[in-house]
Asks: 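Below is a structure I'd like to ask you about.
Chain naming here is simple, since letters A, B, ... match the order of the sequence lines and numbering starts at 1 in each. Excluded from the calculations below are hydrogen atoms, water molecules and symmetry mates; all remaining heavy atoms, backbone and side chain alike, are included.
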Amino acid sequence: MRCLILALAATALPITVQAKTLSLQVTGEALATEGFTAPELTRDGWTISFGRVQASFADVTAWRTDPPFAADGPGIDGAALPFDGTFTVNLAEAGEDGRIDLATLPAEAGHYNALSWGLVPATDGPDAGYSLVLQGMATKDGQEVAFTLRSADRIAYACGEFVGDTRKGFVTDAAPGQVEITLHLDHIFGRADLPADDAMNQTALGFDQFASGGTHDISLQGIHLGHVGEGHCHDTTL
Amino acid sequence: MIRPCSLLLAMALPASALAHGAELTATPVQAIALEAHFDTGEPMAGAQVQAFAPDAPQTPIALGQTDADGRFVFVPDPAPGRWTVQVRAAGHGAITYFEQGANALRVTVERPQDWGQRALMVALVAWGALGTVLFFRRNKRG
C-alpha cells in the first residue's frame, strides 16, 4: 500500500525539467514556421509558406571537447553523449519559439560544446526514403504554385559550439542544458535581401526552377543547411 | 626650467581650473586581435563582438563591433583560464577561444585560414607588446 501511495504521489507531481539533464532541440527558425516573406523573399523574389518542413535525424551525439572542436573536419574527439534513435519532425509545426524538443537525457555536468548528427532518409511513413521534404505554396507576381521538394541525401554534420544570443550546452547541478540542431532554409532558397553575389545566394537553388509546381527531387550537396544556431558545421555527403 | 614656472602658474589659478589637468600613461600590454571575414574574403564589417570570461562563461561582455576590415583588438581582463569570443552578423556567427595564463596570453584554438567551406571565420592572434605602445580598447565587464 505504501508503494502505491508513493506512486500516486509521484504521478501527481508537476512535470519539471531536471538539472543534470541535456535536452536536444531542433529548429528551422522563423523561415520554417513563417516562411519567406518580404523583405526575406527567396533570392529570385518568391514568397513561400510551408505546410511541412519535414526532416529526419539520426546518430545525434552531444560532445564535451577540450580543446573545443573547431568544426574543421568530420571527426570529433571528446566525451560523447549519444541520443539514440531516429527523429522525424515537421519543423513548420514548431511552437512559439520555433523549436521542437526531441529528447532529454541524464547528463554529466559540463559544457557540451560540440554536436554531430546525420540528416538521413526516413525509414517509414509516406516520405520513407527522403531525409528532407519541403511542402508548401509559393507566390510571385500573382502566380501561385503548390510544390513539394524532397531530398534523399544522407549528410553527416560535425559542429562546434552553438552560437546565438545565449551560449548553450552547460549542464550543472542547478540547471539543465540544451543543444540545438538548426536548419537554415535560406541556404536552399537564397535571400532577396542579400546581394546576388552573396556566397549563400551563389549556391542556393532559389525557386524559379520549381515554378511549374508539383514534386521535384533536389540535391543538398554544396548547400550548408545544418548549423548550430548561427554557428557552422562541417558537412559530409554520405 | 619649465617645472617651477608651471608650479607658480598653477598656484595662481582658481581651484576649479586644476580639474582640467590631464595625465597620460602608456603601458605595454598583451592584446587579442580578431579578424573576421567570410570565405569569399569579404571582411565581416560591423559585426558584434562578445567575450565570455572563464569564471562567467554564460555572461556576455559586449566589446563592440569590428571595423570595416573585420578587425577588432581588445585587452581582456586578467582572469586566468579559457576565454571565449563570439563574432556575429547577419545571422552568421563564429566562435573562438584563447587561454590566459599567469604570465601570458596563449591562443589554443585558431581558425585555419584555408577553411574553405565556412561561411565566416575568425582568425585570432595574441599580440605580445613588450616595448610597444598599443592603442587598445580597455573594456570593463558589465
Side-chain angles (χ1 to χ4, degrees), chain A residues 29-31 40 65-74 110-111 113-114 157-172 174-175 177 182 184-187 191 193-195 197-203 221-237, chain B residues 34 36-62 70 81-101 106-124 126:
Chain A
E29 301 184 312
L31 291 177
E40 295 181 355
T65 64
D66 188 8
F69 177 61
D72 51 359
H111 186 200
N113 57 1
Y157 293 94
C159 315
E161 183 179 338
F162 174 92
V163 178
D165 291 335
T166 60
R167 292 182 81 188
K168 291 192 173 187
F170 291 94
V171 174
T172 68
T182 313
H184 285 193
L185 298 180
D186 50 0
H187 284 248
R191 288 259 298 269
D193 59 335
L194 296 177
D197 61 355
D198 180 88
M200 181 175 67
N201 279 339
Q202 291 289 307
T203 58
Q221 287 195 39
I223 295 173
H224 302 302
L225 179 65
H227 291 69
V228 278
E230 299 172 5
H232 289 256
C233 304
H234 182 277
D235 51 74
T236 306
T237 301
Chain B
L34 303 173
H37 56 90
F38 296 92
D39 61 353
T40 57
E42 178 189 358
M44 196 174 173
Q48 177 191 11
V49 182
Q50 288 183 324
F52 299 84
D55 56 352
Q58 295 180 263
T59 304
I61 306 165
R82 176 172 292 148
W83 285 73
T84 303
V85 180
Q86 281 187 353
V87 179
R88 302 169 60 201
H92 291 277
I95 194 164
T96 192
Y97 311 85
F98 65 90
E99 297 274 349
Q100 180 154 266
R106 183 162 52 89
V107 176
T108 55
V109 178
E110 184 174 350
R111 300 294 194 194
Q113 290 295 322
D114 59 350
W115 202 19
Q117 64 176 32
R118 298 281 74 78
L120 66 87
M121 326 181 245
V122 173
L124 186 153

Asks: If I measure from the heavy atoms of chain B, does Asp193(A) come under 4.5 Å with its side chain, its backbone, both, or neither?
Replies: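 Answer is neither: Asp193(A) stays 4.5 Å or more from chain B.
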Asks: Which heavy atom of Glu230(A) sits nearest a heavy atom of Gly91(B), and at what distance?
Replies: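 Between these two residues, the closest heavy atoms are CG-O, 3.5 Å.
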Asks: Starting at CD1 of Ile95(B), measure out to NE2 of His232(A) and round the result to the nearest 0.5 Å.
Replies: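 Here the rounded value is 12.5 Å.
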Asks: Which atoms of His111(A) come close to chain B, meaning under 4.5 Å heavy atom to heavy atom: side chain ones, backbone ones, both, or neither?
Replies: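 No part of it gets close to chain B.
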Asks: State, yes or no, whether a side-chain contact exists between Arg88(B) and Asp165(A) at a heavy-atom distance under 4.5 Å.
Replies: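 Yes; the side chains approach each other to less than 4.5 Å.
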Asks: What is the distance from atom CD of Gln58(B) to atom OG1 of Thr172(A), rounded to the nearest 0.5 Å?
Replies: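 Going from CD on Gln58(B) over to OG1 on Thr172(A), the span is 7.5 Å.
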Asks: Do any N or O atoms from the side chain of Arg167(A) and from the backbone of Pro57(B) form a donor-acceptor pair under 3.5 angstrom?
Replies: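 Yes, Arg167(A) side chain to Pro57(B) backbone: donor-acceptor pair under 3.5 Å.
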Asks: Ring-plane angle category for His187(A) and His92(B), please: parallel below 30°, perpendicular beyond 60°, tilted otherwise.
Replies: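 Judged by the thresholds at 30° and 60°, the geometry between His187(A) and His92(B) is perpendicular.
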Asks: Side chains of Tyr97(B) and Pro67(A), heavy atoms from C-beta outward: is any pair under 4.5 Å?
Replies: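 Side-chain contact under 4.5 Å: no.
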